[in-house]
There are 6 protein chains.
Amino acid sequence: MRLLVVNPNTSTTMTSTILSAARATDPGLHVDALCPERGPASVEGRVDEIISAYWALDTVLPVVNEYDGVIVACYSNHPLIGALRELLDQPVLGILEASILQALPLGDRFSIVTTSLRWQPLLEEAVHALGLERRCASVRTTGLSVHEVDTLPDDDVRAHLRRAALAAVEEDGAEVICLGCAGMAGFEAAVAQATGVPVIDGVQAAVWQVRGMVASGASTSKRRLYQRAEYPPAGSGLDMLKRFNGSNGR
Amino acid sequence: MRLLVVNPNTSTTMTSTILSAARATDPGLHVDALCPERGPASVEGRVDEIISAYWALDTVLPVVNEYDGVIVACYSNHPLIGALRELLDQPVLGILEASILQALPLGDRFSIVTTSLRWQPLLEEAVHALGLERRCASVRTTGLSVHEVDTLPDDDVRAHLRRAALAAVEEDGAEVICLGCAGMAGFEAAVAQATGVPVIDGVQAAVWQVRGMVASGASTSKRRLYQRAEYPPAGSGLDMLKRFNGSNGR
Amino acid sequence: MRLLVVNPNTSTTMTSTILSAARATDPGLHVDALCPERGPASVEGRVDEIISAYWALDTVLPVVNEYDGVIVACYSNHPLIGALRELLDQPVLGILEASILQALPLGDRFSIVTTSLRWQPLLEEAVHALGLERRCASVRTTGLSVHEVDTLPDDDVRAHLRRAALAAVEEDGAEVICLGCAGMAGFEAAVAQATGVPVIDGVQAAVWQVRGMVASGASTSKRRLYQRAEYPPAGSGLDMLKRFNGSNGR
Amino acid sequence: MRLLVVNPNTSTTMTSTILSAARATDPGLHVDALCPERGPASVEGRVDEIISAYWALDTVLPVVNEYDGVIVACYSNHPLIGALRELLDQPVLGILEASILQALPLGDRFSIVTTSLRWQPLLEEAVHALGLERRCASVRTTGLSVHEVDTLPDDDVRAHLRRAALAAVEEDGAEVICLGCAGMAGFEAAVAQATGVPVIDGVQAAVWQVRGMVASGASTSKRRLYQRAEYPPAGSGLDMLKRFNGSNGR
Amino acid sequence: MRLLVVNPNTSTTMTSTILSAARATDPGLHVDALCPERGPASVEGRVDEIISAYWALDTVLPVVNEYDGVIVACYSNHPLIGALRELLDQPVLGILEASILQALPLGDRFSIVTTSLRWQPLLEEAVHALGLERRCASVRTTGLSVHEVDTLPDDDVRAHLRRAALAAVEEDGAEVICLGCAGMAGFEAAVAQATGVPVIDGVQAAVWQVRGMVASGASTSKRRLYQRAEYPPAGSGLDMLKRFNGSNGR
Amino acid sequence: MRLLVVNPNTSTTMTSTILSAARATDPGLHVDALCPERGPASVEGRVDEIISAYWALDTVLPVVNEYDGVIVACYSNHPLIGALRELLDQPVLGILEASILQALPLGDRFSIVTTSLRWQPLLEEAVHALGLERRCASVRTTGLSVHEVDTLPDDDVRAHLRRAALAAVEEDGAEVICLGCAGMAGFEAAVAQATGVPVIDGVQAAVWQVRGMVASGASTSKRRLYQRAEYPPAGSGLDMLKRFNGSNGR
């Protein structure tokens, strides 16, 4: 079984970190990771989602058929997820959805603790799109930017995370915490200790769930929502993408 | 007041037709229209949405500040809409949302009649994203592709539309019909006559609603969902986009 | 195009103010306004709704056929709206619904800022009846009666409005504010400045939306919710009403 | 304990029938019934609701304080119900709500079988207003008018009722049937036999529920939804109504 | 008419108190009560629910056919309720559902005030299972255990109850309070006085509602949710239960 | 890592089959299975749920602390699941929930295809309890009893399954099928071939998901819904259960 992790931003550092986390779940598992060369260094809103999805498609499609399952490692309802499901038969899973699927059996309601205020309404919208708002206690933010999560002393980041997670548990009734940013990996234990509730990391959750799907022979349904588009000149999704990009000098 | 209509696909014919429809609402109104030069000739799914949003952003941003309001003329929850709302203060409205807003006061439940089966789940998802599923009786399809809507004899298209709309009214309880494709403009009267219910065209609806917003001084809220992203190097949305596209040789 | 604005209470002062606001949207537009001679001077609850609807029907029906569209200028789910939709083919729109329809494309969630506590649950119920509760952040009240809104110094009213609107934005997550009382017209700018979010006036919104419906040829659906009642002795709605009121000595 | 049943239409025959049904629940119970002298002979839509509510208020208010609880015997979300709850401390219950409250513990989902097509969307709206749509399998109509229910041979009416109820059970998954019209009293056994499910009569259900409320000392809450309106000149609801009607020559 | 009240815990004191409350509704009514000899002395969670349901079934089934209706006197969505509905034709009602059904016509939203924190999520889940969450303002707890409710001085209990109920009314918008524990009987007046809203006792509510169902001939539906299970060797529910318990030496 | 599969019915044959399916997911994984000696041979409704939960608790609790995660292998919202979550820190997962969690990323809407009509409303209720009804297209039944699934020729069972699954896909819009009975294991390929959509087996799905939770260090939250009950005499869940069963001669 071969899994591919796609980080839609251009940060190779973050891509390495995510790959390590994915491989740590099981040393025997084949996992690769990649990210596009162009586009935003971090995805901070809807414009970034479009640009990063565009270049990630361009990067992923030439190699994706070598893999049995794909993980999109952006903690959001990133448009790349739906696009890949439309194009592929293999299971495709984002880390936001994965973290929620793992949280659901552990408590009635989960909260997401994420970085900047910009992400709060976008993640609320993502939970609604999944039809899971009744199970969501809240989306809380630390107020830190992704940049600050990366560069501030660990003790500071930890303090911000604890405070937001504790508020989710004590004020919003959260029973499980989902860490809403790949850059928060490694803080699970601190947050669990501070809150006394289970804390979920989306990358690990995604690896196990996609493994389960692949091992069970489950594929993306080609009926209704993820059916392939009918392109006027019949052709594979990759051809189509090449065609559009052709005039782009690539 | 100056309005801009953006057609995210590359069909200049369809762009002209849409512009005519928009201008027909009021000869004294200043409306322009444009479409990107690259990307899909018709938007047929999620991959197309990403590619068309990417190139439409590229096309629109250099000129958008000359306009007081923007209409996105793709009958969907096209990602361009949210991206423009994130970047701009001006009102931005898609024709799907516009047609529903006009339908709501005319009956309890509306149905959308659209083209191919591929769009049915995507439009159902769009209605859910708007939080309006209780008011939606159904999304029905004619089974015709956009291509067929354009090229089949009008009588054939009309027959397909009537059949689908009649089923929405009689089987699903629709009280209002929204025509779910810009290519269906001109068939309103035939559908209204066949069904006995009001039939809404999204382009006209959008023009009147955006006019109302602009005239009333209403702008896109910069709190929560449509707040601007905080880019590490502060700068306007246009700068940011240029920066990413810079390496693209443009 | 001729539009009629109906104020269901008996205040001719308020009726003049509303008419001015409606006409200010476009000097070239023909708009008339009227209010009943009998009934409550301001509508303060359900009993008032019934009485004001009764006398407003009596006042409106003899002249309504001279108009292409009707606006009910009470900020509520006033029973007159549904009754007129049942009787008429023309579009009929209340200012509560109009303000929400204009708010929806400008942000994910709106709040209504209204007068007295009595209106809070009634407006929450109205939003639920429209099926739009997911988009509503809150209904906030100033605690002022309609009378106080009219008679207190403007600075006092402005201070109350700002405080309630600010709470809606900062505590409830409102992205757009709808002013929930015709008497609040003229305070939009002050509230917008205090909160930094767009502020909607229902009368202006209603005029533009009804214009759009009329111009597009859209009429009230006669299927299901707004179908006409089948009266044992067949006759027009007006005849029926005259019959009932006949014994009333009028 | 003294209960008052209000029939908002002017049919004294129907009022007598309803009173008999109410009294039959317990011969020792004091129940009176009344109906207005003016207004529609049967309530067939929203206009009729307003007119009948107006005249019913006029009729009921002078005597209502002699009673411990009030039943509104129109199978709908009649505006009289909310108006009386606003004015009174005593419990007030409509027969639609009563029939549903009795149906809920007997099965997961109920259907309402009512008369004409006009009532279908109005009753669906009423169920939504109560927040009970998840428990409602369907609203079915016999297609008969109230007049036909009264004048057709019993065998014909019974056949229509059975057919509609059977469709609700077999096609919509109804587990309990609520008879949606006072004129259907007496057909419970036939419908129960034809469908094999319990059949609820709203008048009987209402009597038992209001008795229970009165006996337990439960009153209409004066917080939020049913609080009294604050009239500029303080006074009782009755005074206010008299004032408005004063100019009416009564 | 003969009613049976089942207390699923083993406390004979509590059973007597509940029986007195049930009989107090009408001295002429025949009501009996029983509780199992084995199982938990108070039901404090899901494990207790299973054990108490098991032994309550064992106790109730031999005598239940002598009764016309059954009340389950545990303030929860106790599994015994669904099991008895599956086995019986008679109406079966729990006191949680009964209290809510009585609260609904008295205000838009009710709150439940119960004992320990453990019950808060379980009662929220119960309200959701009934499909009534839109009408529920909150579930509040006193923080007292059932044991403390029984043994603390009345003044202390009353103070805790008042505080929780007042918070429900003032902070959560409750219009009606349901007392969420049989041990709270007798405190209704104190809570009503402190809050100014109606306060519901589930036992009394249940007696009146079951009386109404029995008197109206309403039975538990045998379609869908409460249909009897098809046991491989056909036999009555009681036989089946005896068979399983047979090896148990009883 | 050691996993325990609990089959709450007394069929040792079915327990063996389930254990084989669980072990087949990964030969290196330690999985044990057990079932109670007393209780129903198959769980066919609510009474069976209570009895099987009682005896399964009795069987599982003495050994459960030797395991890192528990799977409840009854395709339902079996009360044993919540009881074990209340008592334990380890993850506990039922096969119904597991199958749905695996289905969600593969399509917008899943259908469950189960055995007898009795299970249809119970599974609909289970999906609602999970808060996932928006993602559920339908619950379909083959009409076969569990007994028939076991004893009829495979070709007959396959034909019934195909027919029900095809109806779910073509009439209800299902994009993924969950096989709603452990006895249906082995028919996945036939159903997938007949319908063209992915088909999920709950046992395999559960094994992968529990493995993922255990490997990631995720435990059942002890806040709110699954907190332990506070028993008057403090003690472990097992002590309490022994105490109650003590008088039972065991």
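The model shown is predicted, which means the values in this text are computed figures rather than measured ones. Below, read A as the first sequence line, B as the second, and so on, with proteins coming before strands; counting in each chain starts at 1.
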Quick one: CG on F:Asp58 to CD1 on E:Ile50, what's the gap to the nearest 0.5 Å?
12.0 Å
With rounding to the nearest 0.5 angstrom, report the CZ to CG distance, F:Arg224 to E:Leu117.
9.0 Å
In this structure, NE2 of F:His128 is separated from NE2 of E:His128 (nearest 0.5 Å) by 3.5 Å
Should the pair E:Glu86-F:Arg118 be classified as a salt bridge under the 4.0 Å nitrogen-to-oxygen rule?
yes
Sort F:Glu124 into side chain, backbone, both or neither according to what part of it lies under 4.5 angstrom from a heavy atom of chain E.
side chain
Contact check, side chains of E:Pro121 and F:Gln227, non-hydrogen atoms, under 4.5 Å:
yes
Students often mix this up, so state it plainly: with edges at 30° and 60°, are the rings of F:Tyr54 and E:Tyr54 parallel, tilted or perpendicular?
parallel
What do you reckon, is CD of E:Glu133 surrounded by more than 12 foreign heavy atoms closer than 6.0 Å?
yes
Please flag which part of E:Ala53 lies under 4.5 Å from any non-hydrogen atom of chain F: side chain, backbone, both or neither.
both
Please classify the contact of F:Glu125 with chain E as side chain, backbone, both or neither, using a heavy-atom distance under 4.5 Å.
side chain
E:Leu80 and F:Arg46: CA distance, side-chain angles, deciding distance, side chain to side chain contact (heavy atoms under 4.5 Å, CB included) verdict
CA-CA 9 Å; E:Leu80 181 62; F:Arg46 291 179 188 285; over 6 Å; no
Can you measure from CG (E:Leu122) to OH (F:Tyr226) and round to the nearest 0.5 angstrom?
9.5 Å
Nearest-0.5 Å distance that lies between atom CD in E:Glu44 and atom CZ in F:Arg228
15.5 Å
